[in-house]
Amino acid sequence: MSQAGHRARLSRMARVRDRMASLGVEAMLLSLGADLPWLSGYEAMPLERLTMLVLPADQEAVLVVPRLEAPRVVEDPELFTLRPWSETEDPVAIVAGLVGSRTSLAVSDRAWATFLLGLQDLLPGRSWHRSSLVTGPLRAVKDDLEIEALRAAAQAVDRVAAQLQAGQIPLVGRTEAEVSADLGERLRAEGHQRVDFAIVGSGPNSASPHHEPGTRQIGPGEVVVCDFGGTLALEEGEPGYCSDITRTVVTGQPSSRFAELYGVLQEAQERAVAGATAGRSCAEVDALARDLIAAAGYGEAFIHRTGHGIGLEGHEEPYLVAGNATLLVTGHAFSVEPGIYLAGEHGARIEDIVVAGDPDPLPLNRASHGLAVVEA
Ligand code: ZN
Ligand code: ZN
Ligand code: ZN
């Protein structure tokens, strides 16, 4: 475990305890999801054997972990102690015992219902909250180490995007699924430990934002939307941070109709990135892109929010969407990814990860935004 990671986690733990105090939360119960690795460096396995960090407001935290998984835990006595449980013990009862008489409890949003229901049986009459009530606004603002990790992931994914734009990834004659697998291999080759997704939508499929890459063979003169990402850890033992990029390319000269659409999209995306400054609301940044797209006549074709926060999870707070009055602060990290989709015809999306700044935002992805014509 790195010293920088240790220091970052101590600081996060202090901020969590402050927020627990101000919200009146008496214990956090963290299992699956990103809150646990963010705070402890340890990620619970999604298994029927319970792993749960019990973090009381007034005492040291205890990590309840299956005995056979305890060797994987990098202990950090300043953060938590270990309570390994053996196969014949009941981990839910152990957690309930550690909770004791505390009444206001916050459980991981992603904890399995079976464990929460078991805890509720053993701990009647308590008030239950989502852990994101405490951690959401804290995790949304990245510390320096997290920005460094997001930048490393963005630079790695940028290198793959550059290969795509330079025509180094064959498209014509291959299926979407083959190109998707190729993108995944390249993500790993550039340092990602895990590939989370590699959307490839060609021809009319480019108008479907979350298209599942399939057996369609890519032809000449087609639009191809590629949206890919994974996780990359700065060093072994540290949790991985997410990358997420979208670039749209054409296999041959684009139609004037598509070139016009793409020009509008590029301007809208760059406008929203430049506008991602501290003090602006999430809704305002969404509107920066949306208003321009609507003014060009494509309002109905931009069918999703402008962006989502990113960190240990691919999608997390804050969300750039109409109605979200959350004000950006320095360190908020999120995607800016407007798209224009004409069903049955073609679509396009451009996506970068950006860190809100004061006064200037920090775009982490630097791959070209221009419409790359490959295999012309
Ligand atoms: Zn998406
Ligand atoms: Zn994406
Ligand atoms: Zn995204």
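What you see is a predicted model; the values in this text were computed from it and never measured. Whatever order the structure lists ligands and atoms in, that order sets their numbers, starting from 1.
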N/O/S atom name from D227 that is nearest to the position of the Zn ion (ligand 2):
OD1

Hey, which N, O or S atom on D244 ends up closest to the Zn ion (ligand 3)?
OD2

Heavy-atom check, side chain of P137 versus side chain of R19, under 4.5 Å:
yes

According to side-chain contact (heavy atoms from CB on, under 4.5 Å), who are the partners of D90, at least two apart in sequence or on a separate chain?
V92, A93

Please tabulate, for the side chains in residues 66-73, all donor-acceptor contacts under 3.5 angstrom to protein atoms that are two or more places apart in sequence or on a different chain.
from	atom 1	to	atom 2	distance (Å)
R72	NH1	Y42	OH	2.7

Does E337 put an N, O or S atom under 2.8 Å from the Zn ion (ligand 3)?
yes

Would you say H308 has an N, O or S atom lying under 2.8 Å from the Zn ion (ligand 3)?
yes

Of all N, O or S atoms in E351, which has the smallest distance to the Zn ion (ligand 2)?
OE1

Aromatic centroids of H308 and Y319 separated by under 6.0 Å
no

Should E337 and R305 count as an ion pair when the cut-off is N to O under 4.0 Å?
no

